[in-house]
Visitor: 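Sharing a structure here in structure tokens format.
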Protein chains: 2
Amino acid sequence: MGLTKTEIFTEKQNKIALFAKVFGHPARVSILQHLFKIDTCVCGDLVNEIGLAQPTISQHLKELKQLGLIKGNVEGTSVCYCIHKENWAAMKIVMTEFLNQDLTQKQDCC
Amino acid sequence: MGLTKTEIFTEKQNKIALFAKVFGHPARVSILQHLFKIDTCVCGDLVNEIGLAQPTISQHLKELKQLGLIKGNVEGTSVCYCIHKENWAAMKIVMTEFLNQDLTQKQDCC
DNA sequence: TTTATATATCGTAATATTGCAATAAACAAA
DNA sequence: TTTGTTTATTGCAATATTACGATATATAAA
């Protein structure tokens, strides 16, 4: 117990859940919003911008990177991060389809 | 440690994260998809539909209900569940705004 | 009242997540 | 080479999540 039974769900359901999970923490939401706002690659800054310790930010960045939503590039001693545009667009299609499910409910007993 | 520092993030960032978190499990994704597909309130069924034990489904339903995304109505011995249309629409606005952040990146060093 | 059916809650074990101090690694500058 | 700067990794404690058996609750049917 304690572990999600991914095998009983469809690939798409698991995909949606994985994307949603990574958005399920305000620090990662904040990181992504900052990367969008800055509108260019950002080296450093993120630790100062968000009020969490450097190892914590590094860990959140790793998760975003593992899902392919951001990419990083070593630039001297620092690493520049930015949104992975293509992957973000692909994710958006999956998530938007889920959110936009049609609701023309016939009966409403609730 | 082990607990999210919600106080250092904006209300909106926390809201996005909370919605995303509830979508971050394939069982809840599956439940919501089923409610949309059935297109009416459903009493029972969910336990048979998804391959998880009854207490587990009940727990997932509770989380969806707590966030206001579904509502339940007691109908004899069973409980009927359906999507909470208004709240789903409100959630959709928040999440879509997050997903649709503009990306006209000036530089792309990554 | 007794029995059957459906859902919720409790308790608990297994696993995952969050956060950070300490430390490592990688590179630039002196 | 030494020093400083930046990011990643390790290890660990605190907390959260997932799943389910056992049981409680509520109503319907016999």
Side-chain angles (χ1 to χ4, degrees), chain A residues 1-9 13-14 17-31 34-35 41-67 70-82 109-110, chain B residues 1-9 13-14 17-31 34-35 41-67 70-82 109-110:
Chain A
M1 283 144 246
L3 96 171
T4 299
K5 287 192 166 177
T6 53
E7 70 278 7
I8 66 171
F9 301 104
Q13 287 166 341
N14 283 312
L18 274 178
F19 281 133
K21 204 174 186 180
V22 90
F23 297 143
H25 194 287
R28 292 189 291 265
V29 169
S30 176
I31 287 170
H34 189 69
L35 289 181
C41 302
V42 60
C43 312
D45 280 27
L46 283 168
V47 176
N48 307 323
E49 198 69 25
I50 303 161
L52 290 170
Q54 180 268 322
T56 310
I57 297 292
S58 187
Q59 193 177 293
H60 285 306
L61 286 168
K62 194 180 174 183
E63 286 176 71
L64 289 167
K65 207 172 164 187
Q66 264 167 352
L67 258 181
I70 63 171
K71 45 185 175 174
N73 193 42
V74 180
E75 195 89 0
T77 70
S78 61
V79 178
C80 293
Y81 282 106
C82 64
C109 71
C110 305
Chain B
M1 282 142 249
L3 94 173
T4 300
K5 288 192 167 177
T6 52
E7 69 277 8
I8 65 171
F9 302 104
Q13 286 166 341
N14 284 313
L18 274 179
F19 281 132
K21 205 175 188 178
V22 90
F23 297 143
H25 194 287
R28 292 189 291 265
V29 169
S30 176
I31 288 171
H34 188 69
L35 289 181
C41 302
V42 63
C43 312
D45 281 28
L46 284 168
V47 176
N48 307 322
E49 199 69 25
I50 304 160
L52 290 170
Q54 179 268 321
T56 310
I57 298 292
S58 187
Q59 193 177 293
H60 284 305
L61 285 168
K62 193 179 173 184
E63 286 176 71
L64 289 167
K65 206 171 163 188
Q66 265 168 352
L67 259 181
I70 64 172
K71 44 185 175 174
N73 193 42
V74 179
E75 195 90 0
T77 71
S78 62
V79 178
C80 293
Y81 283 106
C82 63
C109 71
C110 305

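Each chain gets a letter, A, B and so on, in the order its sequence line appears, and its residues count up from 1. Keep in mind that this is a model prediction, so the values were computed, not measured.
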Visitor: What's the verdict on side-chain contact (heavy atoms from CB on, under 4.5 Å) for A:L52 and A:V47, showing C-alpha distance, side-chain angles and the deciding distance?
Guide: CA-CA 7 Å; A:L52 290 170; A:V47 176; over 6 Å; no

Visitor: Which nucleotide in the set C:dC20, D:dA19, C:dT7 lies at the smallest distance from any side-chain heavy atom of B:K5?
Guide: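 Selected nucleotide: C:dC20.
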
Visitor: Looking at the side chain of A:P55, which of D:dT5, D:dT18, C:dA21 is the nearest nucleotide?
Guide: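 The listed nucleotide nearest to A:P55's side chain is C:dA21.
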
Visitor: Do the non-hydrogen side-chain atoms of A:I50 and B:F9 ever get within less than 4.5 Å of each other?
Guide: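 Side chain of A:I50 against side chain of B:F9, heavy atoms only: contact under 4.5 Å found.
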
Visitor: What is the distance, to the nearest angstrom, from the CG atom on B:D45 to the C1' atom on C:dT5?
Guide: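 Result: 14 Å.
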
Visitor: Hey, which sits more toward the 5' end of DNA chain D by its nearest nucleotide, A:K21 or A:L61?
Guide: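 First, find each residue's nearest nucleotide; the 5'-ward one identifies A:L61.
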
Visitor: I want to verify a distance call: between D:dA8, C:dA6, D:dA19, whose nearest atom is closest to the B:H25 side chain?
Guide: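 Selected nucleotide (nearest to the side chain): D:dA19.
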
Visitor: By nearest nucleotide on DNA chain D, pick out whichever of A:K65 and B:G51 is the more 5' one.
Guide: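 Here A:K65 is the residue nearer the 5' end.
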
Visitor: Specify the residue among B:K62 and A:G76 whose closest nucleotide of DNA chain C lies further upstream toward the 5′ end.
Guide: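 Nearer the 5' end of the strand: B:K62.
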
Visitor: Of the candidate nucleotides C:dA6, D:dT9, D:dT6, which contains the atom at the shortest distance from the side chain of A:S58?
Guide: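 Comparing C:dA6, D:dT9, D:dT6 against the side chain of A:S58, the answer is D:dT9.
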
Visitor: Quickly work out the B:H60 NE2 to C:dT7 P distance and round it to whole Å.
Guide: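 One finds 16 Å between P of C:dT7 and NE2 of B:H60, rounded.
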
Visitor: Rounding to an integer number of Å, can you tell me how far A:L46 CG sits from C:dG19 P?
Guide: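 Roughly 15 Å, once rounded to whole Å.
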
Visitor: From CD of B:Q54 over to P of D:dA19, roughly how many Å is that when rounded to an integer?
Guide: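 Those two atoms, CD and P, are 14 Å apart.
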
Visitor: Counting heavy atoms from C-beta on, name the nucleotide in D:dT15, C:dA28, C:dA8 closest to the side chain of A:T77.
Guide: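 Of all the options, the side chain of A:T77 is nearest to C:dA28.
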
Visitor: Identify whether any heavy atom of A:L52 sits under 4.0 Å from a base atom; if not, whether one sits that close to sugar-phosphate; answer base, sugar-phosphate or nothing.
Guide: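 Sugar-phosphate: the residue A:L52, judged by heavy atoms under 4.0 Å, touches backbone atoms but no base.
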
Visitor: In whole Å, what is the span from the CD atom of B:Q59 to the C1' atom of C:dA14?
Guide: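 Taking atom C1' of C:dA14 as the reference, CD of B:Q59 is at 14 Å.
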
Visitor: What is the distance from CD1 of A:I8 to C1' of D:dC20, rounded to the nearest Å?
Guide: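 The distance from CD1 of A:I8 to C1' of D:dC20 comes to 13 Å, rounded to the nearest Å.
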
Visitor: Expressed in angstrom and rounded to an integer, what is the separation of B:L64 atom CG from D:dT18 atom P?
Guide: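 So the CG-P distance, B:L64 to D:dT18, works out to 11 Å.
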
Visitor: From CD1 of A:I57 over to C1' of C:dG19, roughly how many Å is that when rounded to an integer?
Guide: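 Atom-to-atom, A:I57 to C:dG19, this comes out as 10 Å.
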
Visitor: Please tell me if B:Y81 has a side-chain N or O lying less than 4.0 Å from either OP1 or OP2 of C:dA6.
Guide: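 So the side chain of B:Y81 is outside the cut-off, no N or O lying under 4.0 Å from OP1 or OP2 of C:dA6.
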
Visitor: Should B:K65 and B:K71 count as side-chain neighbours, where that means a heavy-atom distance under 4.5 Å?
Guide: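 Result no, sub-4.5 Å side-chain heavy-atom pair not found.
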
Visitor: Are the side chains of A:F23 and B:K21 in contact, using a 4.5 Å heavy-atom criterion?
Guide: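 The answer is no, as the side chains (C-beta and beyond) never meet within the 4.5 Å cut-off.
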
Visitor: From D:dA19, C:dT18, C:dC20, pick the nucleotide closest to the side chain of A:A53?
Guide: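 Taking heavy atoms from C-beta onward, the closest nucleotide is C:dC20.
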
Visitor: Find out whether B:C82 and B:I70 are in side-chain contact, i.e. whether some heavy atom of one side chain is under 4.5 Å from a heavy atom of the other.
Guide: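 Result no, sub-4.5 Å side-chain heavy-atom pair not found.
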
Visitor: Select base, sugar-phosphate, or nothing to describe what A:T56 touches, counting heavy atoms under 4.0 Å on all strands.
Guide: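 If one applies the 4.0 Å heavy-atom cut-off, A:T56 turns out to touch a base.
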
